[in-house]
S.K.: 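I have a structure I would like to understand better, so I am pasting it below and will then ask my questions one at a time.
Bear in mind that the values here come from a model prediction, so they are computed numbers and not experimental data.
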Amino acid sequence: MFLQGLSWPCERTDGPKKAPMKKTMVAKEQQPKPFTPGLTKAEVREHAYKMFRDKLPGHILTLDDWVTAERDLVKMREEAGESA
């Protein structure tokens, strides 16, 4: 036969092709504990993600970003409490 020695075209000798691993983003700077009593990290994180959605997920939030988000959240709560 003239096809002797040739492998089937669909066979792979190096095994099945694997999908590349997804890269996970490792935060270099972790979220600090809130300074304001009564606020949780989750509340500040949610508010920070709303404030800085244009910055995320490409860049991590800095300590200054976290503090700004916490101050803004406290200010919003005070305004809502005064008007209610």
S.K.: Is any side-chain heavy atom of Val74 closer than 4.5 Å to one of Arg71?
M.R.: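 Not in contact.
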S.K.: What residues form a salt bridge (charged side-chain N to carboxylate O under 4.0 Å, His left out) with Lys41, not counting sequence neighbours?
M.R.: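 For Lys41 there are no salt bridge (charged side-chain N to carboxylate O under 4.0 Å, His left out) partners, ignoring immediate neighbours.
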S.K.: I'd like to know if Tyr49 and Leu39 are part of one continuous hydrophobic network [Ile/Leu/Val/Met/Phe/Trp/Tyr, side-chain heavy atoms within less than 4.5 Å].
M.R.: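 Yes; tracing contacts between hydrophobic side chains, which count when under 4.5 Å, links both residues.
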S.K.: Do the side chains of Leu63 and Pro32 get nearer than 4.5 Å, heavy atoms only?
M.R.: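 Yes, close enough: below the 4.5 Å cut-off.
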S.K.: Look at the side chain of Thr40 and the backbone N and O of Glu43, then say whether any donor-acceptor pair between them is shorter than 3.5 Å.
M.R.: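 The answer is yes, because a donor-acceptor pair under 3.5 Å joins these two groups.
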S.K.: What are the two closest heavy atoms between Leu61 and Ala48, and how far apart are they?
M.R.: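 Of all heavy-atom pairs spanning Leu61 and Ala48, the closest is CD1-CB, 3.9 Å.
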S.K.: Under the rule for side chain to side chain donor-acceptor pair (under 3.5 Å), what residues qualify as partners of Arg45, not counting sequence neighbours?
M.R.: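 Per chain and number, Arg45 pairs via side chain to side chain donor-acceptor pair (under 3.5 Å) with Gln31.
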S.K.: By side-chain contact (heavy atoms from CB on, under 4.5 Å), which residues pair with Phe35, not counting sequence neighbours?
M.R.: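 Counting only residues at least two positions away or on another chain, Phe35 forms a side-chain contact (heavy atoms from CB on, under 4.5 Å) with Val67, Glu70.
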S.K.: Name all residues meeting the side-chain contact (heavy atoms from CB on, under 4.5 Å) criterion together with Met51; count only those two or more places apart in sequence or in a different chain, and write none if there are none.
M.R.: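 Result, side-chain contact (heavy atoms from CB on, under 4.5 Å) vs Met51: His47, Thr68, Ala69, Asp72.
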S.K.: Got a sec, which residues hit side-chain contact (heavy atoms from CB on, under 4.5 Å) with Glu46, two or more places apart in sequence or on another chain?
M.R.: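 So Glu46 forms a side-chain contact (heavy atoms from CB on, under 4.5 Å) with Lys50.
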